[in-house]
Amino acid sequence: MKCQHKIALLKYTTRNFWLLVIPLVRGLAAVGLDFYGFYNWLRGAYWDIMAIAAIIGLAYLRWKNIRYEIKNDGIFVRSGVIVKNEFLFPFNAISCVSAKRSVWLRPFRAVTVSVDSDSHSASNKRGQADIELIMPLNDYKELFGKVPKDSGDMKITYHASKGNLFLFSFVFSSTLSGVIFIGTLFIQGGRIVGSELEEMFFNAVSDVTQVVQTIIKGVTPFAVALTLVIAIGWGFSFVSNLLRHIDFRIKRYGENILVENGFFTKRRYYINYSRINCADLRQNLLMKICRVMSVHASCTGYGKEKNGIPVFVPITTRNRVMDSMRLILPKFTVSNISVKTKKSCIAAFVWAPVLLAVVFPVAAWLMKREFPRWDSVINFLLIMAEIPAVYLLIVKIFAKFTTGIGTSDEMVTLKYCSMYQFHTIIVPKNKIVYVRLSQTIFQRGIDACDVIVYTRGERASRHRIRGISVSEAENFAHSCSL
């Protein structure tokens, strides 16, 4: 049996390892060749050095006690220092194998490999892969050579254009994730290298704020700073998404699907076609008006990592999406919507955004009475809050007229809206775990209910279709149980 690549030792060190190492190295570099200064440094850093030695020793112990062997029918893993765990992961039980060749791993010829199935691993935490190993490059090639099923020589390849990837990254970029990353960068960076990084960022924000104030008179520094942080956060998320999905290509041969993408970090995924739980055609309001969409697939392990998106077809026109799905996902066909939400159920869609659109002005009026000096800041915050609230109201009105259910002999199509996203879920009936009907007090008077469909996966996914007639909902639930 083999140990992981030696670079995996760094994986098993604690998060505080670098907070100890970097200040020590800086202190040692400041001492130089002065023997007396080195002696004083050693006396002052004695406990830190002992802590680093203990961290490295424990990391080595964990690394040495995790071993694996790639067999013809599966991968065998043995782990544990005190309590030993041994298990064989059969290839026919795998839903997804993902390989990540990071920039910093490539010079060492190392690859991070994750193996997943629909069941939850007893050895790893929920949300983690069943198996995650850092392998030498040769072992990674051996694993990907044995995992795919033998399905003949016919291959179907889809390559996304740069324009589609640019639009996809633009639509699916998250301001929140970008801001969180930047905040983490400066918090952790400040701990490691001092306050220089934070000062550089705040000075840049201050300089831009002064420039904007000279161009647009009357704007508050708070408004400029907040807008700038939001723009930087979204911009970072956009660039990271673009670099992550650039050179996107997908190949299908038989029951095997291979997905490759990435610029700096090269990613490769093997997906078992029979383990795909459902296809998700996603749109926002603008995409819906322009009749473009993207295709995402629910398969345990694919898109599971942080900031991962389980995309199969990046944004393109509806006709091209349907052509691509006929090649890559031939069994996942869209059914005509035969069960639609009732006309009298408009309140179930719009009550939340209407409430938000009313609450924000009332809250702003009360705040201006208490803090009149902050009038301009409160007005700016009110505008920033009202825009997404009004936009959400428009989205929910559209959702009222597009929500529904369609069925065929083997497939179910679910159309609904979650927040700002429109979803068209195509799921085989044998992948539906169960169907639940939910009825509120207000729905009883109009003979309506919500249909909640749970689909298979490591954790069941939930899809809610609002405002369906009770009789039609019962018929649909009965058809899914046959």
Side-chain angles (χ1 to χ4, degrees), residues 74 89-97 115-121 130 147-152 156 250 252-259 269-282 295-304 310-313 321-322 324-339 403-416 418 423-438 449-465 468 472-482:
F89 204 112
F91 288 146
N92 58 12
I94 288 175
S95 60
C96 177
V97 181
V115 183
D116 249 306
S117 69
D118 286 335
S119 62
H120 174 62
S121 172
D130 295 341
V147 168
K149 299 177 181 179
D150 187 10
S151 302
I156 299 169
I250 183 168
R252 177 178 177 268
Y253 49 105
E255 294 293 301
N256 309 300
I257 294 178
L258 287 176
V259 181
Y269 303 89
Y270 159 77
I271 297 170
N272 187 341
Y273 179 78
S274 63
R275 300 283 176 174
I276 296 176
N277 299 309
C278 65
D280 182 2
L281 280 60
R282 295 188 188 181
V295 180
H296 302 240
S298 171
C299 180
T300 303
Y302 183 50
K304 190 176 185 178
V311 61
F312 258 42
V313 180
V321 163
M322 294 306 168
S324 300
M325 287 188 64
R326 276 191 285 270
L327 297 174
I328 301 169
L329 302 171
K331 295 180 182 178
F332 292 79
T333 55
V334 179
S335 305
N336 293 326
I337 301 301
S338 56
V339 179
T403 298
I405 302 172
T407 58
S408 63
D409 293 338
E410 297 181 354
M411 291 288 164
V412 171
T413 300
L414 309 172
K415 284 193 173 186
Y416 65 94
S418 176
H423 297 268
T424 300
I425 305 295
I426 309 167
V427 55
K429 288 183 178 180
N430 60 2
K431 298 288 186 178
I432 295 176
V433 180
Y434 67 96
V435 178
R436 182 165 65 91
L437 307 184
S438 175
C449 67
D450 294 345
V451 178
I452 305 171
V453 180
Y454 293 84
T455 55
R456 188 180 298 175
E458 188 176 25
R459 285 188 293 175
S461 299
R462 182 173 176 268
H463 312 279
R464 190 183 195 108
I465 299 87
I468 302 299
E472 291 180 319
E474 290 175 346
N475 291 335
F476 167 72
H478 179 69
S479 68
C480 291
S481 63
L482 296 177

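Of all non-hydrogen atoms in Met411 and Thr333, the two that sit nearest each other are CB-O, 4.2 Å. Scanning all heavy atoms of the two residues, the minimum distance from Ile328 to Tyr273 falls at O-CE1, 3.6 Å. Counting all heavy atoms, side chain and backbone alike, Asn430 lies closest to Arg456 at O-NH2, 2.8 Å. Contact detail for Gly457 and Asn277: the closest heavy-atom pair is CA-ND2, 3.7 Å. Nearest heavy atoms, Leu414 versus His463: CD1-CB, 4.0 Å. The two atoms that bring Arg275 and Asn92 nearest to each other are NH2-O, 3.1 Å, heavy atoms only.
A distance of 9.5 Å separates OG in Ser418 from CZ in Arg282, rounded to the nearest 0.5 Å. A distance of 4.0 Å separates CG in Asp130 from OG in Ser117, rounded to the nearest 0.5 Å. Taking NZ of Lys415 as the reference point, atom CD1 of Ile426 lies at 9.5 Å (rounded to 0.5 Å). One distance of note links CG of Asp450 with CD1 of Ile465; it measures 9.0 Å at 0.5 Å rounding. With values rounded to the nearest 0.5 angstrom, Phe332 atom CZ is found 11.0 Å from Glu410 atom CD.
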Do Met325 and Leu281 pass the side chain to side chain contact (heavy atoms under 4.5 Å, CB included) test, and can you show the C-alpha distance, the side-chain angles, and the key distance before you say yes or no?
-> CA-CA 10 Å; Met325 287 188 64; Leu281 280 60; 3.8 Å; yes
Check step by step if side chain to side chain contact (heavy atoms under 4.5 Å, CB included) holds for Val412 and Val453.
-> CA-CA 10 Å; Val412 171; Val453 180; over 6 Å; no
Under the side chain to side chain contact (heavy atoms under 4.5 Å, CB included) rule, what do Val334 and Thr413 come out as? Steps first, then yes or no, please.
-> CA-CA 6 Å; Val334 179; Thr413 300; 4.1 Å; yes
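Side-chain contact between Pro148 and Phe91: absent, with no pair of heavy atoms (C-beta onward) separated by less than 4.5 Å. When side chains are defined from C-beta on, Pro310 does not count as touching Tyr269, because their heavy atoms never get closer than 4.5 Å. Between Ser335 and Thr407, every side-chain heavy-atom pair lies at or beyond the 4.5 Å cut-off. At a threshold of 4.5 Å between non-hydrogen side-chain atoms, the residues Ile257 and Ile276 count as touching. Counting heavy atoms from C-beta on, the side chains of Phe476 and Val435 come closer than 4.5 Å.
Classification of the Tyr302-Phe312 ring pair by plane angle, with boundaries at 30° and 60°, yields perpendicular. Ring geometry, Tyr416 versus His423: the interplanar angle falls under 30°, so the pair is classed parallel (tilted spans 30 to 60°).
Between the side chains of Thr300 and Asp118, at least one donor-acceptor pair of N or O atoms lies under 3.5 Å.
In this structure a side-chain-to-backbone donor-acceptor pair under 3.5 Å is missing from Thr455 to Lys431.
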